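Notes to accompany the following structure.
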Amino acid sequence: MSTSQTLAMAAKTRELKAEGKDIIGLSLGEPDFNTPDFIKEAAIQAINDNYNSYTPVDGYVELKDAIIHKFKRDNGLTYDRSQVVVSTGAKQSLANVAMVMLNPGDEVILPCPYWVSYAEIVKLAEGVPVEVPTSVESDFKMTPQQLEAAITPKTRMLWYSSPSNPSGMVYSRDELRALADVLVKHPDIIVVSDEIYEHINFVGEHASMAQFEDMYDRVVTVNGVSKAFAMTGWRIGYIGAPAEIARACNKMQGQITSGANCIAQRAVITALEAPVSKIQYMIDRFKSRRKLIIDLMSEIPGFAITEPEGAFYVFPDVSYFFGKTINGYEIKDATDFSMFLLEKALVATVTGDAFGSPNCIRFSYAASETEIEEAMKRIKNALSE
Ligand SMILES: Cc1ncc(COP(=O)(O)O)c(C=O)c1O
């Protein structure tokens, strides 16, 4: 496994903060909201009701039923209890799937940019990540032709997130259908559709690969509560999958972590049973912050932006700056540029290298309006010098 590319950045951020520097953090992939009160109250109730024992490995039946209901209500997907596994975050859901599906040398297609952990989880399971590059010009979307060209006899899976971390790209139903048309010709390929940002979508209806009848039997739909419900630390994620894959994930998890935290599971029953309107206020805030950061970033020369359609990230192409020296600081690549922003503008971002897209950097706008405004001002100033 490679060491996390964000570690050097995090170490530098700590060092500057220790020196008393006022760093604006736009690097974190988590909402800056508190978990909604109605969910917190459900957790307190669960503690008082003495939920303290091991849970079933694949989750409480009531939670699985709430997930089944959610899949039906929001996605039109029908799963039964044998197809649902609750895990310690969507990250564990993904790791389970990789461990049970991959034999050494099996290839997993990852459209770039992808979420940092995909490639490392695949490698841990002795699979081989196959990167398919996309760019700001193609709105960070993989085309059916690119998918077809990446498929080999060793291809076992395709993994993607829509809405995407880090690009904010959202595949429309038609775009997913076009990818599905390639996949139907290759029936052994399993699709992992990571839909954790489902509700943070500014373009309209969310589409799921499993909604296509001819794909349903080979799609693992991954979701969780970390992002839309502001519950990153509660660590609950889940899958809806073909029953044999769910059974294998259950078996794997049973030997590694057992069931997810009991209190968090009880709270998530309440979270998922609530109408989505209960969390709409956070989505609305993300939407207005998206406009703010895009408007301000568009005024900075050298940033090439695709307007993100979901999640809470902007992923500008900053290759314009490569090979230039700014204020005595030599910028060779996105990592240098990200470090420059940290040291000279005191704004923390993440280099696109971490996501397989070396021309870009990631800004998270899960931050206050004041922080976003100040960060963009500082960047503009630092670059104009
Ligand atoms: C695309 C994507 N998938 C999965 C996860 C992991 O989510 P969880 O907190 O449920 O493990 C993240 C978190 O950053 C993510 O961005």
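Computed from a predicted model, the values in this text were never measured in an experiment. Every number for a ligand or one of its atoms is a count from 1 in the order of the listing. The figures that follow rest on heavy atoms only: side chains count, while hydrogens, waters and symmetry mates do not. Index from 1, following the sequence.
- Closest protein heavy atom to atom 1 (C) of ligand 1: Asp194 OD2, 3.3 Å.
- Ring planes of Tyr118 and Trp115: perpendicular class, angle over 60° (limits at 30 and 60°).
- Residues Leu28 and Val350 are members of separate hydrophobic clusters, defined by side-chain heavy-atom contacts under 4.5 angstrom among Ile, Leu, Val, Met, Phe, Trp and Tyr.
- Taking only nitrogen or oxygen atoms, main chain and side chain alike, Ala90 reaches within less than 3.5 Å of ligand 1.
- For Arg235, every heavy-atom contact with ligand 1 shorter than 4.0 Å involves the side chain, none the backbone.
- The shortest N or O to N or O distance between Lys91 and ligand 1 is below 3.5 Å.
- For the ring pair (Phe, Tyr, Trp, His ring centres under 6.0 Å) test with Tyr313, the passing option among Tyr365, Phe286, Phe355, Tyr197 is Tyr197; the others fail.
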Which pairs of donor and acceptor atoms, one on a side chain in residues 295-303, lie under 3.5 Å apart (sequence neighbours left out)?
| unit_1 | atom_1 | unit_2 | atom_2 | d |
| --- | --- | --- | --- | --- |
| Asp295 | OD2 | Lys291 | NZ | 2.7 |
| Ser298 | OG | Ile294 | O | 2.5 |
| Glu299 | OE1 | Lys380 | NZ | 3.2 |

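- Counting only heavy atoms of the protein, atom 5 (C) of ligand 1 lies nearest to Trp115 CH2, 3.4 Å.
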All N/O donor-acceptor pairs, side-chain side in residues 233-246, below 3.5 Å, sequence neighbours left out:
| unit_1 | atom_1 | unit_2 | atom_2 | d |
| --- | --- | --- | --- | --- |
| Trp234 | NE1 | Thr35 | OG1 | 3.1 |
| Arg235 | NH1 | Thr232 | O | 3.1 |

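- At under 3.5 Å, not a single nitrogen or oxygen of Tyr313, backbone or side chain, sits near a nitrogen or oxygen of ligand 1.
- Salt bridge present: Glu309 and Lys141 bring a charged side-chain N and a carboxylate O closer than 4.0 Å.
- By the criterion of a heavy-atom distance under 4.0 Å, the side chain of Lys227, and not its backbone, is placed next to ligand 1.
- Residue Tyr197 has at least one nitrogen or oxygen atom sitting less than 3.5 Å from a nitrogen or oxygen atom of ligand 1, judged on distance alone.
- Residues Lys40 and Asp37 are paired through a salt bridge, judged by an N-O separation under 4.0 Å between the basic side chain and the carboxylate.
- Without hydrogens or angle criteria, Ser364 side chain to Ala366 main chain gives a donor-acceptor distance under 3.5 Å.
- For Gly224, the closest heavy-atom approach to ligand 1 does not fall below 4.0 Å.
- In the candidate list Ile236, Asn165, Asn223, Ile196, Asn165 is nearest to atom 16 (O) of ligand 1, counting heavy atoms.
- At least one heavy atom of Ser226 sits less than 4.0 Å from an atom of ligand 1.
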